[in-house]
Amino acid sequence: MGVAEAVALSVNSIPEALRGRMLKNIVLVGGNTRFPGFKRRLEEELRSLVETKYDIDVRLPSDPLTHVWHSAAAMIAAHEENQDFVTREEYNEHGASLCRKRFFKFK
């Protein structure tokens, strides 16, 4: 399976109400995304794999190698005393059920 197929499969596995949001927020990260034409090719292949009612927005940050790190650092700095995260200690004590309860409101 290629990248476009993996993205389409992932998006199609989530509730339909969220699919449009996901397809409008694709951010390319990692070294391979710097290959010439990678972004354009992904957009073209993805367009043929998802319903036409959805807009697709694929973004390539200025530095795809460090983008995830910088984004995570900024998010953590903005939410240090918040319930937006689960610490390793919390996860070790409560497991995945804490994530479901905190983020998805599952029982």
Are any side-chain N or O atoms of Thr87 and backbone N or O atoms of Glu90, one a donor and one an acceptor, separated by less than 3.5 Å?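 It does hold such a pair.
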Tell me, with the steps shown, if Ile56 and Lys24 meet side chain to side chain contact (heavy atoms under 4.5 Å, CB included). CA-CA 5 Å; Ile56 297 172; Lys24 286 189 71 147; over 6 Å; no
Please, which pairs that meet salt bridge (Lys or Arg N to Asp or Glu O under 4.0 Å) have at least one residue in residues 58-71, sequence neighbours excluded?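 Those involving residues 58-71 are Asp57-Arg59.
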Check side-chain hydrogen bond (donor to acceptor under 3.5 Å, both in side chains) between Glu43 and all other residues, then give those that pass, not counting sequence neighbours.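 Partners of Glu43 under the side-chain hydrogen bond (donor to acceptor under 3.5 Å, both in side chains) test: Lys39.
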What residues, two or more places apart in sequence or in another chain, satisfy side-chain hydrogen bond (donor to acceptor under 3.5 Å, both in side chains) together with Ser62?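 By the side-chain hydrogen bond (donor to acceptor under 3.5 Å, both in side chains) rule, Ser62 matches no residue at all.
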In terms of hydrophobic clustering (I, L, V, M, F, W, Y; side-chain heavy atoms under 4.5 Å; direct or indirect links), are Leu46 and Val29 co-clustered?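 Not linked; separate clusters.
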Neighbour count >12 (heavy atoms, 6.0 Å) for atom CZ, Arg47: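 Check passes, neighbour count above 12.
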Is any side-chain heavy atom of [X] closer than 4.5 Å to a side-chain heavy atom of [Y]?
{"X": "Cys99", "Y": "Val86", "answer": "yes"}
{"X": "Leu60", "Y": "Val58", "answer": "no"}
{"X": "Glu44", "Y": "Ser48", "answer": "no"}

Residues forming a side-chain contact (heavy atoms from CB on, under 4.5 Å) with Val3, sequence neighbours excluded: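 Checked Val3 against side-chain contact (heavy atoms from CB on, under 4.5 Å); matches are Val7, Phe38, Leu42.
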Applying side chain to side chain contact (heavy atoms under 4.5 Å, CB included), run through Glu93 and Glu89 and close with a yes or a no. CA-CA 6 Å; Glu93 184 176 339; Glu89 293 79 21; over 6 Å; no
Residues sharing Met1's hydrophobic cluster, by side-chain heavy-atom contacts under 4.5 Å among ILVMFWY, directly or via others?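 Same cluster as Met1: Leu9.
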Heavy-atom pair of closest approach, residues [X] and [Y]:
{"X": "Pro61", "Y": "Pro64", "value": "O-CD, 3.5 Å"}
{"X": "Val50", "Y": "Ala8", "value": "CG1-CB, 4.3 Å"}
{"X": "Leu98", "Y": "His94", "value": "CB-CB, 3.7 Å"}

Side-chain atoms of residues 14-21: list all donor-acceptor pairs with protein atoms under 3.5 Å, sequence neighbours left out, distances to 0.1 Å.
residue : atom : partner : partner atom : Å
Glu16   : OE2  : Lys53   : NZ           : 2.7
Arg19   : NE   : Val11   : O            : 3.4
Arg19   : NE   : Ile14   : O            : 3.0
Arg19   : NH2  : Asn12   : O            : 2.9
Arg19   : NH2  : Ile14   : O            : 3.1

